Each structure stands twice: as structure tokens, then as C-alpha cells.
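So the structure is just underneath, and the comments pick up after that.
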Amino acid sequence: MGEEGDTYEGYWLNGLRSGEGYYVWSDGSSYRGNFSLNACDGKGVYVGPDKTVMDGYFVNGVFSGTTDPLLLNQRGCCFSGAAILPFRI
């Protein structure tokens with residue numbers, strides 16, 4: 001799976017997260033969307049421990065930014081562009 005305390009609900013293929021799923025890290029961050037070969041890959045939503053939301057497309061665990069994403073954190077600050085996510089899976 002991932003780190004101790006992480007949880008995953010979703011589809012598996014040959015022992016790897018694949019297809020639609022929901023992953024929650026022990027720090028409270030989460031990802032709901034598509035997985036491929038254990039990585040966040042495809043359309044999905046990542047919510048960070050500080051409640052930052054990244055809604056768009058991911059490629060092998062990296063937020064691609066190709067859909068002109070809007071990132072909104074708890075202070076109401078908005079960002080757009082690409083970002084590398086700290087996935088630990």
C-alpha cells in the first residue's frame with residue numbers, strides 16, 4: 001500500500017492500484033480519481049493537509065496543469081499552473 005495509516009478504496013490490477021480509487025494519507029491529504037500502476041494518473045482531485053485543492057489531470061503523480069487548473073487554499077489564495085505533488089505511494 002503506502003505509509004502506515006494510509007488507506008485506499010478502489011480497483012486493483014495485478015496487485016497495483018489501477019482505475020478509479022480514493023487514497024487518504026495519514027496526514028489527512030487525499031486523492032480521488034484515476035490510478036495507473038499505483039500512481040495518480042488521469043482526472044482526479046488532490047486535497048492537501050492544508051486544504052489546498054488541485055482539480056485536474058495528473059500524469060504519473062504529477063499535476064499536469066493542462067486544464068488551466070485553479071488551486072484554492074484555506075486562505076482563499078488562487079494559483080494556476082503545474083505542480084509536483086508529494087505523493088508517497
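Note that the coordinates shown come from a computational prediction; the quantities given were computed from them, not determined experimentally.
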(Q) Could you check whether any side-chain N or O of Asn34 sits under 3.5 Å from a backbone N or O of Lys43, counting only pairs where one atom can act as donor and the other as acceptor? (A) no

Q) Got a second to check how far Thr52's OG1 is from Tyr46's OH, nearest 0.5 Å? A) 8.0 Å

**Q.** Taking every non-hydrogen atom, the tightest pair across Ser26 and Asp6
**A.** N-OD1, 2.8 Å

Q: Provide the closest heavy-atom pair for Gly61 versus Ala39 in the form atom of the first, atom of the second, distance.
A: N-CB, 4.2 Å

**Q.** Flag, side chain of Asn38 to backbone of Arg17, donor-acceptor distance under 3.5 Å
**A.** yes

Q: Measure from the ring center of Phe35 to the ring center of Tyr8 and say whether it is less than 6.0 Å.
A: yes

**Q.** Remaining members of hydrophobic cluster (4.5 Å side-chain criterion), Leu13
**A.** none

Q: Could you list who else is in Leu37's hydrophobic cluster, with ILVMFWY side chains joined at under 4.5 Å, directly or through other members?
A: Leu16

Q) Can you tell me how far the SG atom of Cys40 sits from the OH atom of Tyr31, to the nearest 0.5 Å? A) 5.0 Å

Q: Could you tell me how the ring of Tyr23 sits relative to the ring of Trp25: parallel (under 30°), tilted (30 to 60°) or perpendicular (over 60°)?
A: tilted

